[in-house]
2 protein chains.
Amino acid sequence: MSTTGRTETPRERYRQQVREEVKEKAWQQIAGSGASALSLNAIAKQMGMSGPALYRYFANRDELITELIRDAYRSLADAFIAVGDAAAGRPALSALAQVLRRWALEDPHRYFLVYGTPVPGYHAPQDTTAITAEIMSVLLDACTAAAPGARAAAFEEHLAGHREWAGGHPDAPPSALRLALGFWSRLHGVLSLELAGHFTGMGLDPARLYAAEVDGLTR
Amino acid sequence: MSTTGRTETPRERYRQQVREEVKEKAWQQIAGSGASALSLNAIAKQMGMSGPALYRYFANRDELITELIRDAYRSLADAFIAVGDAAAGRPALSALAQVLRRWALEDPHRYFLVYGTPVPGYHAPQDTTAITAEIMSVLLDACTAAAPGARAAAFEEHLAGHREWAGGHPDAPPSALRLALGFWSRLHGVLSLELAGHFTGMGLDPARLYAAEVDGLTR
DNA sequence: CATTCTAGTTATAGCTTCTAACGAACACGA
DNA sequence: TCGTGTTCGTTAGAAGCTATAACTAGAATG
């Protein structure tokens, strides 16, 4: 199953194990106080070893965070793909919406790590753009199934000529592309406002707004 | 015009002046590397004075950031109010959308300070919720003017019973409330994704998506 | 003029990331 | 089985940060 290095030396095993434990502690710390408060030193102490030891496993703080971001992306993509597979490649938009919301609420700090304020020293490796493409692919499958008839609005014409992001779906109609973008931006709109607390004290139920936005997508 | 302390001693004058200069340098620093990299020490050095001097003006780093957030909120509210006034209390939704987008693109770091990942030690003072109410008030004015006929969807019924956030507009129909929330969440959806760079490399023009979302609101 | 209040200073504690130099344990070929 | 080399973890230390404490020079005030 492993793509590379079938012959795993015990050392590489151990090394991978430690890296995994570091990331685990990192997630715990992030869940507590957010990514900006992540401290390599604290993680090391928590693991019973002394500060600089971690630099054998991660070149620096940014590399650890980059790894965490990639894993977070991966977990969302996996959840999307699972829904797609379960629906034989034609998932309902509402199902994807539910997965997205669950994923976001499950760990808001993880959501912010991916979709919140960009961290200063970080630049997305090609990795993550590839993962985004996986997510978009599942979403586009759902959208081509659910797309309404062509309405040929100005924006859809624009999309017909700018579909690099829909690489694997050369035959998806512009209305499907538009639907996918609407899905993505509207739902992230609700989620980011909700998770940042901008609805608290307003009295309304964000889940209902979310549901209403999902509803309004196809109608 | 000043609500308190008409007799400003020269000392208070100076004090206010220094606070203002600190905030100015802080914004410069934030524009450069984001709020997480904001350093009181660096600001002090930049102003030609030594580290701890700034603690005469701000209790700690969080207090400075809180102040910056409040000012950022204020600037958005002022922009909204200006549009409302210019339109004699009935601004077009498209005009508000344009102001919001302009404000966001003008200084993305300022946008993230308010609508991005919440900063750990910060809790919104009552101030900001009051400012949010001002913003919502202008938005609701626009929405009652532009609201379509009642469609009585489930979400609008929910809103009819949960309108604390629309305090100053007791007579706004649920369809207007729903329109305001759609405006707010959809446009923030596009903006937060765009400013965080999630559309780069996708080939599409976020401004057009934004325009399309504005368009779709009332139709 | 004397007192008080305040803005700034230096020193210091405690935290962080990260580099450098060293010791000890392990893996592996002869 | 015995070197030899790689790797892990250590301590020490530089440079940066927030924040407090103690002190001094100057302005405002009675």
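Just so we're on the same page: letters track the sequence lines, and every chain starts at 1. As a basis for the values below, the full set of heavy atoms in this structure was taken, side chains included, without hydrogen atoms, waters or symmetry mates.
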(message) If you count heavy atoms of other groups shown closer than 6.0 angstrom to CD of Glu164(B), is the number above 12?
(response) yes
(request) Report the distance from atom CG of Asn41(A) to atom P of dA12(D), rounded to the nearest whole Å. (result) 15 Å
(request) Please list, in 5' to 3' order, the outermost nucleotides of DNA chain C lying under 4.0 Å from any heavy atom of chain B. (result) dT6(C) to dA11(C)
(request) Decide whether a cation-pi geometry holds between Arg19(A) and Phe58(A); the criteria are a distance under 6.0 Å from NZ or CZ to the six-membered ring centre and an angle within 45° of the ring axis. (result) yes
(request) Indicate yes or no for a side-chain donor-acceptor contact from Tyr210(A) to the backbone of Ala97(A) under 3.5 Å, with no hydrogens or angles considered. (result) yes
(request) State whether Glu194(A) and Arg101(A) are salt-bridged, where the test is any N-O pair (Lys NZ or Arg NE/NH1/NH2 against Asp/Glu carboxylate O) under 4.0 Å. (result) yes
(request) Would you please confirm or rule out a distance under 4.0 Å between OP1 or OP2 of dT10(D) and any side-chain N or O of Tyr55(A)? (result) no
(message) Could you check whether His169(A) and Ser137(A), counting side-chain N and O atoms only, form a donor-acceptor pair closer than 3.5 Å?
(response) yes
(message) Please check: side-chain N/O of Arg15(A) versus main-chain N/O of Arg56(A), any donor-acceptor pairing under 3.5 Å?
(response) yes
(request) Would you give the length of the straight line joining atom CG of Asp127(B) to atom CD1 of Ile131(B), rounded to the nearest 0.5 angstrom? (result) 5.5 Å
(message) Any carboxylate oxygen within less than 4.0 angstrom of a Lys/Arg side-chain nitrogen, looking at Arg74(A) and Glu134(A)?
(response) yes
(request) Spell out, as yes or no, whether a donor-acceptor pair under 3.5 Å connects the side chain of Thr117(A) to the backbone of Thr117(B). (result) yes
(request) Would you mind telling me which of dC17(D), dT11(D), dA22(D) lies closest to the side-chain atoms of Ala42(B)? (result) dC17(D)
(message) Between Arg163(B) (side chain only) and Pro170(B) (backbone N and O only), is there a donor and an acceptor less than 3.5 Å apart?
(response) yes
(request) Let me know, please, whether Lys45(A) or Arg56(A) comes out on the 5' side of the other along DNA chain C by nearest nucleotide. (result) Lys45(A)
(message) Between His162(A) and His158(A) (side chain of the first, backbone of the second, donor and acceptor by atom type, cut-off under 3.5 Å), is there such a pair?
(response) yes
(request) Tell me what Phe58(A) touches on the nucleic acid: a base, only sugar-phosphate, or nothing, going by heavy atoms under 4.0 Å. (result) nothing
(message) Can you tell me which nucleotide in dT10(D), dT18(D), dC8(D) comes closest to the side chain of Arg61(B)?
(response) dT18(D)
(message) Each nucleotide in nucleotides 24-30 of chain D should get exactly one letter: B, S or -. Can you fill that in based on protein heavy atoms under 4.0 Å?
(response) --B-S--
(message) Below 4.0 angstrom, which residues in residues 22-40 of chain B have at least one non-hydrogen atom near DNA chain C?
(response) none
